[in-house]
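First the structure, in the form of C-alpha cells, and then the observations on it.
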Amino acid sequence: MDLLCPPGGGMKQNYLSIDDIMMSSEKIPSTFLVSVKTLGYLDPSTNKKDIEVGSKLDLPLWLALSLAHPRKKFVTVELTKPYKATYREILKADAGVVNLYKLCPYYYALGQQQLSLNHAEGILVARSLILAFSDRFRRIMDLSGNAIGGDNSSLIQQFDEVERRLFALGQKSLQSFQRWEVGESRTLRTSELVSRHRKRKREAVD
Amino acid sequence: MEHSEMEFIAEKQKVKIVPNFSMSKIYFISGEVGPFQPGLPTEVPFWLAISLRQRQKCVIHPPDWLTIERLEEIKEAETTTELFTPLPNTHFREMCQLLLTHAKPNIQNADAVRTLVKDIWDIRAAKLRSSSDKFIRVQAGHARIDNLTLMEINIARPFLLASLDHLHTLRTSKQFTKKTRNKEY
Amino acid sequence: MDDTLDISGVSEEGEEQITSEQVFQQLEEIWVNERLSPNLMLCRTDITECILEQMQEMEENIARAKKTDLKVSLHQLELDRIRYVLSSYLRCRLEKIEKHAAYLIKKESSDGPSVSRLSPEEFMFAKELTSGVTSHLTASALKHMPKNLQTLNLEDSGKVPNLDHYVFLRVNKAEEGIIVDCETDVQNEDKIDLEVDAQHIMRYKLIENLVENQTVSLI
Amino acid sequence: MFGEKALDLIREVHRTREGSLGPYNEDGVRQVLEEMQVLYEANQQDVAQLVQNDSDQTSLTAVQIRHDSLQRNKRCLLAYLYNRLQKIRALRWEFGSVLPTDVRGNMSPKEIEWFTKYNRALANYMRSLGNGGLDLTQDLHPPQNVHIEVRCVEDKGELELDDGSKILLKKNSLHYLPRSQCEHLIRQGVLKHVT
C-alpha cells in the first residue's frame with residue numbers, strides 16, 4: 001500500500017504516488033518571516049503586491065515543508081488543528097468514536113508529515129497517532145469481518161484513507177473465503193474490469 | 001494468496017482411496033502413484049483422488065481424525081485453553097471441505113461433522129481476533145503463532161500484516177522525531 | 001504406453017541426481033515464497049528450466065498417446081497443475097519486476113552476477129519496460145517543460161520494495177539469536193531463537209537471507 | 001495557489017482508481033505545462049535581477065516558491081502519466097493484446113504507442129520461456145479439471161483448437177472444452193463457465 005511508506009525517506013519512494021500527492025496538498029497554517037516580492041496575489045485576504053512579514057497563509061504541505069526548512073526559515077508553521085492538544089485529548093478518551101476522515105482524509109499520514117516540522121509537540125503527536133490506531137484497530141477488524149450484507153457505510157465514513165484500505169482488505173479476504181466455502185471460486189468468471197466495462201457500455205446504449 | 005490456492009496446495013496431501021479398476025504405476029512429474037488393484041486401498045494425492053472419484057473409479061476414505069469423537073475432543077480443548085490447540089492437519093479446513101465434498105458417503109454423520117468443524121473454526125477465529133488486537137495494543141514487533149493453520153493465516157494475512165505495517169511506519173516516524181529534534185537535517 | 005511416460009531422475013553434470021519430484025517440490029517452495037515476499041527473490045532458472053523441460057517432454061508424450069486413455073488424461077491434469085504453479089510463479093515475478101524495474105536493474109549491476117535476481121530474459125524485459133516508460137514520460141511531458149526540469153531519474157523516483165513488510169513464516173531448520181527489535185518507547189534489541197516447525201510473524205528484513213537459504217518458509 | 005491545475009489531474013486519477021481508464025486530459029496537461037512556463041520565465045527575470053543586486057532577499061523567497069511550484073507541477077504531471085500507464089498495463093492483462101475501441105479512444109496517441117511497446121516486451125518475454133513459450137496471461141486460477149463446460153454468450157464465429165479441430169461459437173451453444181483453451185474467452189465475457 002502506497003500509504004504505508006514511512007516519512008523521511010518516504011518522499012522519494014512516494015514520488016509517483018497519487019495518495020501521497022493528495023495528502024501533501026493538505027493546508028498548513030504558516031506565518032511568513034520574510035516578505036515575498038510580487039506574490040501578494042497568493043494571499044486572498046489582501047490586495048497588496050507583496051506578501052509582507054507576518055502574513056498568515058494556509059500553504060499546501062509540499063510548499064510549507066520547503067519554506068519552513070531550518071536552513072531557509074522563510075515561514076514558521078503551526079501544527080494543524082486536528083493534532084493539537086484538544087483533539088489529542090478527545091482521541092485519548094475514546095478514539096473509536098472520532099470521525100478521523102472529517103479531521104483529515106489522510107489523518108495518520110499528515111500527522112506524520114508534520115512531525116518533521118520540528119514542532120515541540122512532535123513526540124506527543126506521534127504517540128497520539130499510535131494510540132489512536134491501536135484503539136481503533138479492533139473496531140476496524142470486527143467491522144471488516146462482519147460487514148457482509150449489512151450497511152456499514154456510516155461507520156466506514158469515520159475511517160481515514162489508510163483505515164478504509166485496511167477495512168477493504170479484510171472484507172475482500174473474508175468475502176473470498178465465503179465464496180470459496182460454497183464452491184464458487186471453482187467457477188471461472190469474466191474479469192471484473194471487463195464486466196464493468198461491458199456494463200458501462202450497455203448503460204450508454206440504453 | 002487466493003483461498004482457492006490454499007486448497008490447491010492442500011490437494012497435494014495424500015489420501016486413502018479404494019480403486020475399482022486396475023492400472024500399473026503412474027509416473028507423474030511430481031512423483032509416482034499406484035499400482036491400482038480393485039478393492040486394494042492405496043494412497044494418492046487428493047487431486048488425483050478427486051479426479052478418479054469424478055469418473056467413479058474409486059471411493060475416498062476419510063482420515064482417522066474426521067470423526068465426531070475426535071472433533072469433539074478438539075473442540076473441547078479449543079474451548080478450554082487460551083492458546084491455539086494443534087489441529088490434526090495444517091490444511092484442516094481445506095481437507096475437511098474436500099472430504100465433505102468428495103468422500104461424504106464414507107463419513108459417518110457427515111452433517112454433525114460439518115457442524116463441529118464449523119464450531120472449531122469459529123472458536124479459533126474469535127481467538128485470532130482477540131490475539132491480533134492484543135498484538136497491536138502491546139506494540140510488539142514480533143509474535144509467535146504456532147498451530148495456526150494455513151487457511152487461517154491466509155484469511156488474516158492481508159488485513160493483519162497491513163495493519164502491522166501501518167503501525168510500524170507510525171513507530172518509525174516517532175523515532176524520526178527523536179532523532180531529528182536536536183539537529184538540523 | 002507406461003514406458004513412454006516414465007520419467008526418471010534428472011541428472012545435472014557433476015551434481016547428485018535429483019528426481020523430478022524434488023525439482024517440483026522446490027518449485028512449489030519458491031513459488032509460495034515469491035508470492036509472499038515483498039521483494040523479488042533470487043532467480044532460480046535452474047529450477048524453472050528443468051520444469052519447463054519436463055513439461056515439454058510430457059506434452060509430447062501426451063500428444064503421441066491415445067486421447068481416451070485414463071492415464072493420459074490424468075497426466076494432462078497433472079501437467080495443468082504444474083503449468084499453473086510455474087505460470088503463477090513467473091507472473092508474480094513479472095509483477096514485481098514491473099513495479100521495481102529501475103531499482104532492480106540498478107541493483108543487478110551493483111550486486112554483481114553472483115546474486116542475480118533477474119534472469120537474462122527478465123532483465124531484458126525490465127530494460128524494455130523502463131525505456132518505454134522513460135520515453136513516454138519524456139515525449140508526453142518532460143520535453144515540453146523548461147530546460148532545467150527535463151531530467152528524470154526513474155531509479156530515484158521509482159518504487160523500492162518495502163523490506164519492513166511483515167510476513168508469516170514457518171521454521172524449517174533451527175536458528176538461534178535472531179534479532180527482532182522491540183519497538184516500544186525504550187529501544188532495545190530483542191533476540192529470539194527459531195525452533196523447527198515454530199511459526200512467527202515478523203518483519204521480512206530480519207529474515208530475508210533465511211528465506212533465500214530455506215531455513216524458513218513464508219506461509 | 002500554484003499547482004492547482006496539476007492537482008486536478010491527480011484528483012481525476014484518484015476518483016477513477018477503481019474504475020476503467022478515463023479520457024486522457026490533454027487540455028489539463030497543456031495548462032499545467034503553460035503554468036510551468038510562466039513560473040519559469042518569472043524566475044528567470046528575478047534571478048537576473050538578483051545577480052545585479054544580491055541583497056534582495058524578498059525576491060529570493062519568491063524564486064524559492066516558484067521553484068517549489070515547478071517541481072510540484074512536474075511531479076503531478078509525471079504521476080498522472082505514470083499512473084495511467086499502470087492502468088493501461090492492467091487492461092492488457094484483462095482484455096488481451098487488443099483493447100476495445102472505446103478504451104483505446106480514451107488513450108493519447110503516445111499511450112497507444114507505449115501500449116504497443118509493452119505488448120511487444122511482454123510477448124518477447126513469454127516467448128523466451130521454454131521451447132514453445134509460455135502464455136502467462138493464462139492459468140490465472142488453480143485448475144480443477146482438464147475440461148470444462150461453457151456456454152457461449154455471443155456469436156463469435158469459429159474457434160480453432162490446439163488439436164486442429166474447429167468448433168462454432170454460436171450464442172447459447174454449449175461446449176465441453178479444454179480449460180486452457182477457453183480461459184481467455186471466459187475472462188473476456190465471450191463464454192460463461194457452466195457448473
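The structure presented is a predicted model; accordingly, all values stated were derived computationally and were not measured. Note that these values count all heavy atoms, side chains included, but never hydrogens, waters or copies made by symmetry. Numbers restart at 1 for each chain; the letters A, B, ... are given by sequence-line order, proteins then strands.
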| task | Check the pair B:L161, C:I201 against side-chain contact (heavy atoms from CB on, under 4.5 Å), reporting the backbone distance first and the verdict last. | result | CA-CA 9 Å; B:L161 295 188; C:I201 303 182; 4.1 Å; yes
| message | Under the criterion side-chain contact (heavy atoms from CB on, under 4.5 Å), I'd like the reasoning laid out for C:E28 against B:K12: C-alpha separation, chi angles, the key distance, then a yes or no. | response | CA-CA 11 Å; C:E28 286 186 309; B:K12 214 177 57 179; 3.0 Å; yes
| Full working for side-chain contact (heavy atoms from CB on, under 4.5 Å) between B:E5 and C:S88 | CA-CA 10 Å; B:E5 291 181 288; C:S88 172; 3.9 Å; yes
| message | For C:Y84 and B:F8: C-alpha separation, side-chain torsions, deciding distance, then whether ring-ring contact (aromatic ring centres under 6.0 Å, His included) applies. | response | CA-CA 10 Å; C:Y84 172 71; B:F8 174 83; 5.2 Å; yes
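With a 4.5 Å cut-off on non-hydrogen atoms, B:M1 touches chain C through its backbone and its side chain both. For a residue to count as touching a neighbouring chain, one of its non-hydrogen atoms must lie under 4.5 Å from one of that chain's; by this rule C:R170 touches chain B with the side chain only. Using a 4.5 Å cut-off between heavy atoms, C:L169 does not touch chain B at all. Interface remark: C:L36 contributes side-chain atoms only to the contact with chain B (heavy atom separation under 4.5 Å). Residue C:L74 touches chain B through both its backbone and its side chain, counting heavy-atom pairs closer than 4.5 Å. Contact of C:Q25 with chain B is not made at all, since no heavy-atom distance falls under 4.5 Å.
In this structure, the side chains of B:H168 and C:H165 stay at 4.5 Å or more apart for every pair of heavy atoms. Looking only at side-chain heavy atoms (C-beta outward), B:E32 and C:E21 stay at 4.5 Å or farther from each other.
Counting only distance, with no hydrogens or angles, the side chain of C:Q199 and the backbone of B:R144 share no donor-acceptor pair below 3.5 Å.
Within residues 64-86 of chain B, no residue approaches chain C closer than 4.5 Å by heavy atoms.
Most heavy-atom pairs under 4.5 Å with chain C: of the set B:M23, B:R157, B:K57, B:M6, this distinction falls to B:R157.
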